Amino acid sequence: MLSLRVSLMTILVGMALCQYYDYDYEPVGQVQAPSPKCNQECDCPINFRSAMYCDSRNLKFVPVVPTGIQYLYLQNNGIEEIKAGVFDNVTDTLRWLVLDNNNLTNAKIEKGTIDKLTALEKLFFSHNLITEPIIPPSKSLDELKMMHNKLTKFPGGLLTDKENLTSINLQYNELTSESIAGAFKGPKKLLSLDVSHNKLRKLPAGVPSSLEMLYADYNEIDSIGAGYLNKLPALQYLRLSHNKLQNSGIPAGVFNVTSLVELDLSFNKLQSIPEINEGLEQLYLQANEINKFELTSFCKYISPLNYSRLKHLRLDANNITHSNMPPEYSNCLRQASDIMFE
């Protein structure tokens, strides 16, 4: 009986030690007394003293942040206001600020708050009510998330000095192509840009050549500029599903670029398969109006060394079936392990 109790206690202690806070960073371990410097409404784990957890506390405003805090978690509250002075002790030390799932508007974010944070690396500001982006002066900013807000514009120049910014997430807003003109010209190391679920009529202009992932699903895009992808030599993943693309809006060879690995054109209005590069591996064309299958879209000519590297091709929910494929398709698409018609 004693050994059973010891084993049960060991399991319970192990479970307690395996508990982590959200945003998947430092484990908090067992329940500890808060650090003396910690705000009384929050928790500062004794084994992670540079973090202050104020998440899910029914807060209506941001509490004063004490000296030494570098990671501040304020998600899942009802915060409506950020008062001047709350960050005065950490203007040059705060690295992460998580404000997701609150009720913040631009009018209730006073001067002398986020605009004073010079060391911020990550700003998570999703699921709020802001209409214009809030950008800190920090040149160290590398990740910006403002999904599920009411953004109607992103003025040019806000990211001019953000040379370390690698990821921007702006999906589920009300941005138009005109409202983001010139918005992304600053960051020279930008790898990922997500502007899906907005009101764009065309792909964003002026994005840096470093970009590897561009997601623009669920917009109103009806055309692609000739040479657009030639300005993005590192782009590997392009997603344009659920737009209004027709073949007339796609210039010849616009997708025939060597860098692309994945191209998603599903749920548009295409009637034929656009020309792609032989190096493309994933092509999604389901739910269009495609009525013919032409091998020249995949292979200009076929030889032992010239063939498509395509591995996955989706053509379901179109006007063609497997019977529309020419007999020689297997030489061109010799690496395709998955071609879907149904």
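Predicted model, so just to flag it, every value in this text is computed and none were measured.
Atom CG in Asn198 sits 11.0 Å away from atom CG in Asp217 (nearest 0.5 Å). Atom CG of Leu94 and atom CG of Leu120 lie 5.5 Å apart (nearest 0.5 Å). Residue Ser241 holds its OG atom at 8.0 Å from CD of Gln286, rounded to the nearest 0.5 Å. Of the inter-residue distances, the one linking Phe154 atom CZ with Ile135 atom CD1 reads 4.0 Å to the nearest 0.5 angstrom.
With Leu104 as the partner, the side chain to side chain contact (heavy atoms under 4.5 Å, CB included) test is satisfied by one option alone out of Leu129, Val62, Ile109, Asn77: Ile109. The only option from Glu278, Glu275, Glu294 that meets the salt bridge (Lys or Arg N to Asp or Glu O under 4.0 Å) definition with Lys300 turns out to be Glu275. None of Glu174, Glu132, Glu178 except one satisfies the salt bridge (Lys or Arg N to Asp or Glu O under 4.0 Å) rule with Lys153; the exception is Glu132.
Counting heavy atoms of neighbouring residues, nucleotides and ligands inside a 6.0 Å radius, atom CG of Asp338 exceeds 12 of them. When the shell of 6.0 Å around CZ of Arg201 is examined, it contains 12 or fewer heavy atoms from other residues, nucleotides or ligands. Other residues, nucleotides and ligands contribute more than 12 heavy atoms inside 6.0 Å of the CZ atom of Phe341.
You'll find the ring centres of Tyr329 and Phe293 outside the 6.0 Å limit.
Checked by atom type, the side-chain pair Ser192/Asp194 shows no donor-acceptor distance below 3.5 Å.
For the disulfide bond (SG atoms under 2.5 Å apart) condition, no pair includes a residue of residues 68-126, sequence neighbours left out.
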Please evaluate residues Trp96 and Phe124 with respect to the criterion side chain to side chain contact (heavy atoms under 4.5 Å, CB included), reporting the C-alpha separation (whole Å), side-chain torsions for both, the decisive distance (0.1 Å), and the verdict. CA-CA 8 Å; Trp96 291 15; Phe124 297 166; 5.7 Å; no
Walk me through whether Asn324 and Lys292 qualify under side-chain hydrogen bond (donor to acceptor under 3.5 Å, both in side chains). CA-CA 7 Å; Asn324 295 105; Lys292 57 184 175 179; over 6 Å; no
Assess whether salt bridge (charged side-chain N to carboxylate O under 4.0 Å, His left out) is satisfied between Glu121 and Arg95, documenting all intermediate values. CA-CA 5 Å; Glu121 297 173 2; Arg95 297 172 62 186; 3.2 Å; yes
Would you sort out whether His197 and Tyr218 count as a side-chain hydrogen bond (donor to acceptor under 3.5 Å, both in side chains), showing the intermediate values? CA-CA 5 Å; His197 292 272; Tyr218 291 92; 5.4 Å; no
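Between Glu81 and Lys108 there is no salt bridge, since no side-chain nitrogen of the basic residue lies less than 4.0 Å from a carboxylate oxygen of the acidic one. By the 4.0 Å N-to-carboxylate-O rule, Lys116 lies close enough to Asp88 to be salt-bridged with it.
Taking Ser209 as the reference, Pro233 meet the side chain to side chain contact (heavy atoms under 4.5 Å, CB included) condition, with sequence neighbours excluded.
The main-chain N or O of Asn219 is found under 3.5 Å from a side-chain atom of Asn243 such that the two form a donor-acceptor pair.
Counting heavy atoms from C-beta outward, Asn277 and Leu260 have side chains that stay 4.5 Å or more apart.
Cation-pi geometry between Arg314 and Tyr284 is not met at under 6.0 angstrom from the ring centre and within 45 degrees of the axis.
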